[in-house]
Amino acid sequence: MKIDGRTKPTAVIGWPIEQSLSPVMHNAAYEALGLNWACVPFAVPDDNALDTFLEAARRLGFVGFNVTMPHKQAVLAACDEITLRARLSGAVNTVRCAQGRLAGYNTDVDGVLESLEQDAGFDACGRCVAIIGAGGAAGAALAAFVLARAQGVAVVNRDVTRAQSLIARIQEHARGTELKALALSPEAEQAVRRADLVVNATPLGMSAGDPSPIPAHWIREGHVVMDMVYHRPATALMQDARAAGARAIGGLGMLVAQGARAIDIWMDGDSGQRRAPRDVMRAAAEAALAQMDQEGKR
Ligand code: NAP
């Protein structure tokens, strides 16, 4: 990568940020696209640092930036405009900077659907889905399945009030999609077993030795299972799914798709004429994960 006086900055902000795969994925894509852009990670530990970064993003020629934990909700509130996807998700993970204004997007929404289609040949339209978890990633998944016109979505969370809040935010847009908030309970077991697709949107699986967020016998043959965790090749949930004869995919495809979609937006807005190279970004992310393994960092 060559940096010169005309290089335009992009960024990923979060806390902690050292483990982010965005800089390697994005810089590989910029090089392949011949864009004179560079992606730099910014450690943003608190709201004061976030305000400082946002001021810089407005004034210092940034193309855009990605947002990770814990700032996705705060950035939603700080943007000058937000898309429907971001509003329904309750979070912004991608910002486009132009003329001092910040436009907020949520590319996790498209990332979920793109990965399901590419990695599992799954189209959510008319299908039943169970999402485990009710945080930011679950909010994006819920928005995705509502916009994709799923038949029904059950949000299963140990704290059922958080699942209810996600559903309350999106209910008026649900049209034909039936939405249910459930605690980890026998009713949730039935909803999971009835679903065509089961999505893990909890962090369980990020650390070696983590259990699955649901009992193994809730998974059946014929399920498609997506674990949003991308840190390991096969989580306990993915292993249980494969043992039951289900199709299991991890979260790396979604990570690549959401990052690629951010670059698509920065290049062309919503016109979508040019596409970031997903294959190049995936190879860069896989190489970075392999390097972390070698260094014992995950
Ligand atoms: P979050 O906002 O903190 O939400 C976490 C959710 O998981 C909450 O509903 C929480 O339940 C639940 N949870 C946490 N620990 C649990 C446990 N031990 N047992 C059962 N439930 C538990 O996190 P997030 O931002 O949504 O991220 C969730 C996961 O998705 C992370 O692994 C993240 O890396 C991944 N992710 C992946 C992508 C991708 O591109 N592949 C994108 C975004 C996120 P309570 O409400 O009861 O606390």
Apply side chain to side chain contact (heavy atoms under 4.5 Å, CB included) to the pair M281 and R278, showing each step before the final yes or no. CA-CA 5 Å; M281 295 176 74; R278 275 72 174 159; 5.7 Å; no
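- A salt bridge is defined here as a Lys NZ or Arg NE, NH1 or NH2 lying under 4.0 Å from an Asp or Glu carboxylate O, and D119 with R247 fails to meet this definition.
- Looking at N106, N66, I82 one by one, the single match for side chain to side chain contact (heavy atoms under 4.5 Å, CB included) with V92 turns out to be I82.
- Between L116 and I249 the shortest side-chain heavy-atom distance falls below 4.5 Å.
- Within a 6.0 Å radius of CZ in R175, other residues, nucleotides and ligands contribute more than 12 heavy atoms.
- Under the 4.5 Å side-chain criterion, counting only non-hydrogen atoms from C-beta, M226 is not in contact with F122.
- You'll find the side chain of L33 stays beyond 4.5 Å of the side chain of R274, heavy atoms only.
- Annotation: F65 is not in aromatic contact with F42 [ring centroid separation under 6.0 Å not met].
- If you run side chain to side chain contact (heavy atoms under 4.5 Å, CB included) between T235 and each of D210, D240, V229, only V229 comes through.
- Shown here is R193, whose CZ atom has more than 12 heavy atoms of other residues, nucleotides or ligands within 6.0 Å.
- A heavy-atom distance below 4.5 Å is found between the side chains of L179 and V146.
- Note that CG of L147 is 5.5 Å distant from CZ of R85, once rounded to the nearest 0.5 Å.
- Checked options T202, V153, L197; the residue passing with I131 is V153 (criterion: side chain to side chain contact (heavy atoms under 4.5 Å, CB included)).
- Apart from V225 itself, the hydrophobic cluster it occupies contains I132, V156, L182, L184, V192, V198, I214, W218, I219, L237, where clustering links Ile, Leu, Val, Met, Phe, Trp and Tyr at side-chain heavy-atom distances under 4.5 Å.
- A 4.5 Å side-chain heavy-atom check between R232 and M238 finds every atom pair outside the cut-off.
- Residues Y30 and K8 are not in side-chain contact: their nearest non-hydrogen atoms beyond the backbone lie 4.5 Å or more apart.
- Here H71 pairs with nothing under the side chain to side chain donor-acceptor pair (under 3.5 Å) rule; sequence neighbours left out.
- At a threshold of 4.5 Å between non-hydrogen side-chain atoms, the residues Y230 and V256 do not count as touching.
- Counting only heavy atoms from C-beta outward, the side chains of W266 and Y105 never approach each other to under 4.5 Å.
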Test C97 against V63 for side chain to side chain contact (heavy atoms under 4.5 Å, CB included), laying out the working first. CA-CA 5 Å; C97 309; V63 175; over 6 Å; no
